[in-house]
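Down below is the structure, laid out as structure tokens.
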Amino acid sequence: MSYLDLSILDKFGFEYPAVGVKYSLIRPTGMPKLGKKLAICEMLREAQLENAFYATVDNHACKVGPYLLGQVDPDPVFESGQVGPKLGVYSDPRANRRIYLDMPKLVRDTANYTLFASVNKMDFDPDVLIITAKPSQAEVILRAKGYRNGSGWNAKGTSVAGCAFLYMYPYITGELNMMVTGLHHGMKARHTFPEGLLFLSIPYQVLPEILNNLKEMVWDLPQYSWGKEAHMARMKQIAEEVNQEIERSESQK
């Protein structure tokens, strides 16, 4: 198996290492099993701090993770919306129930093992690469997403079960998703990350394109340091140059 070259990411100097996640039907070899119980949102932080590991259903300290991974049957207490109102997150069960109607999740019993590893310890091609970034770092990656094709990115989530949009939504849709730390109930309650950081969940479908674009494009655009007036003047100059080119082409008819 060939692995993606992720070395370009070293240039960012991320405070929190990027983490690869892979969903597997088959137990991985040469990788230890997680030796504790954690919520799936905490497993991201664990991979940033510790060695690579895989998790099974009995490693989950929160019921949402195994449900999203298709490792357990639905729990009517949660899916009927009983929990959210008692936590003060939703007004009533029907509001909480709504999030489960289209929640992204994997097919039952197709992902018995979830592999986690920071990029410097990863020996597999990830299904989802999760980058924890400052806004200035995220701007470069988001720009790389559409550098050649003009494509945009998503910022989807829900107040609870944010892990569905961190792990499952990008993998299922093939779309990069951006989330902000401090907005999602479980991670906020567990103090997993300081608020104000950006999660960029990049699925395997678009990861090679982003990596290639990062190698070619200019990261630190000069206009970011020019100041407002200089930037506006340059924009005006470009418009004038294009209009002049149009006039020259029309005069040659």
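If you're wondering where the values come from, they're calculated on a predicted model, not measured in any experiment.
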Ring-plane angle category for Y167 and F116, please: parallel below 30°, perpendicular beyond 60°, tilted otherwise.
perpendicular

Keeping the roles fixed (side chain from R143, backbone from W219), state whether a donor-acceptor pair exists under 3.5 Å.
yes

Report yes or no: do Y54 and N59 form a side-chain donor-acceptor pair below 3.5 Å?
no

May I ask you to decide if Y113's main-chain N or O and R27's side chain share a donor-acceptor pair within less than 3.5 Å?
no

Using a strict threshold of under 4.0 Å (side-chain N to carboxylate O), is an ion pair present between K33 and D58?
yes

Shortest non-hydrogen contact between I141 and F14, atoms and distance
CD1-CZ, 4.0 Å

Spatial distance of atom OG (S159) from atom NE2 (H185) [nearest 0.5 Å]:
9.0 Å

Output yes when a side-chain donor or acceptor of D125 lies under 3.5 Å from a complementary backbone atom of L4, and no otherwise.
yes

Is it the case that one hydrophobic cluster holds both F124 and I131, taking links as side-chain heavy atoms less than 4.5 Å apart, direct or via other members?
yes

Shared hydrophobic cluster, L197 / M179 (ILVMFWY, side-chain heavy atoms < 4.5 Å)
yes

Would you say L69 ends up clustered with L38 if hydrophobic residues are merged whenever their side chains have heavy atoms under 4.5 Å apart, either directly or through other cluster members?
yes

Could you measure the distance from the CG atom of N177 to the CG atom of L200? Nearest 0.5 Å is fine.
9.0 Å

Taking Q205 for the side chain and E175 for the main chain, is one N or O donor matched with an acceptor at less than 3.5 Å?
no

Would you kindly say whether E209 and N213 are connected by a side-chain donor-acceptor distance under 3.5 Å?
yes

Tell me whether R108 is salt-bridged to D73, with the criterion being a basic N under 4.0 Å from an acidic carboxylate O.
yes

Indicate yes or no: does E15 engage K134 in a salt bridge with an N to O separation below 4.0 Å.
no

Would you kindly say whether E79 and Y67 are connected by a side-chain donor-acceptor distance under 3.5 Å?
yes

Could you give the distance from OG (S24) to CG (N112), rounded to the nearest 0.5 Å?
8.0 Å

Heavy-atom closest pair, residues A138 and A133
N-CB, 4.0 Å

Spacing of CG belonging to L142 relative to CG belonging to L176, to within rounding of 0.5 Å
6.0 Å

Looking only at heavy atoms, the pair that brings K145 and S151 closest together is NZ-OG, 2.9 Å

Does T132 reach the main-chain N or O of F199 with its side chain, forming a donor-acceptor pair under 3.5 Å?
no

Looking only at heavy atoms, what is the nearest atom pair of L9 and L129, with distance?
CD1-CD2, 3.8 Å

In short, C41 meets T192 closest at the heavy-atom pair O-CG2, 4.0 Å

Nearest-0.5 Å distance, CD of residue Q223 to CE of residue M232:
14.5 Å

Looking at K156, is its backbone amide N or carbonyl O close enough to the side chain of N154 to form a donor-acceptor pair, meaning the two atoms are under 3.5 Å apart?
no

In short, A47 meets S118 closest at the heavy-atom pair O-CB, 3.8 Å

Please determine, by modelled atom types, if E139 and Y224 share a side-chain donor-acceptor pair under 3.5 angstrom.
yes

Would a distance-only check, ignoring hydrogens and angles, find a side-chain to backbone donor-acceptor pair under 3.5 Å from Q137 to F12?
yes

Sorted by chain and residue number, the salt bridge (charged side-chain N to carboxylate O under 4.0 Å, His left out) partners of E195 (sequence neighbours excluded) come out as K188

Hey, what do you get for CZ (F78) to CD1 (I99), rounding to the nearest 0.5 Å?
10.5 Å

Apply salt bridge (charged side-chain N to carboxylate O under 4.0 Å, His left out) to residues K36 and E46 and explain how you reach the verdict.
CA-CA 10 Å; K36 62 182 77 173; E46 182 75 7; 3.3 Å; yes

Answer yes if the side chains of Q244 and E240 hold a donor-acceptor pair under 3.5 Å, and no otherwise.
no

Does the pair Y16 and F193 meet the rule for a ring-ring contact (aromatic ring centres under 6.0 Å, His included), with working shown?
CA-CA 10 Å; Y16 299 86; F193 290 92; 5.7 Å; yes

Return yes when atom CD of Q237 has more than 12 non-hydrogen atoms of other residues, nucleotides or ligands closer than 6.0 Å, and no otherwise.
yes

Do any N or O atoms from the side chain of D92 and from the backbone of A95 form a donor-acceptor pair under 3.5 angstrom?
yes

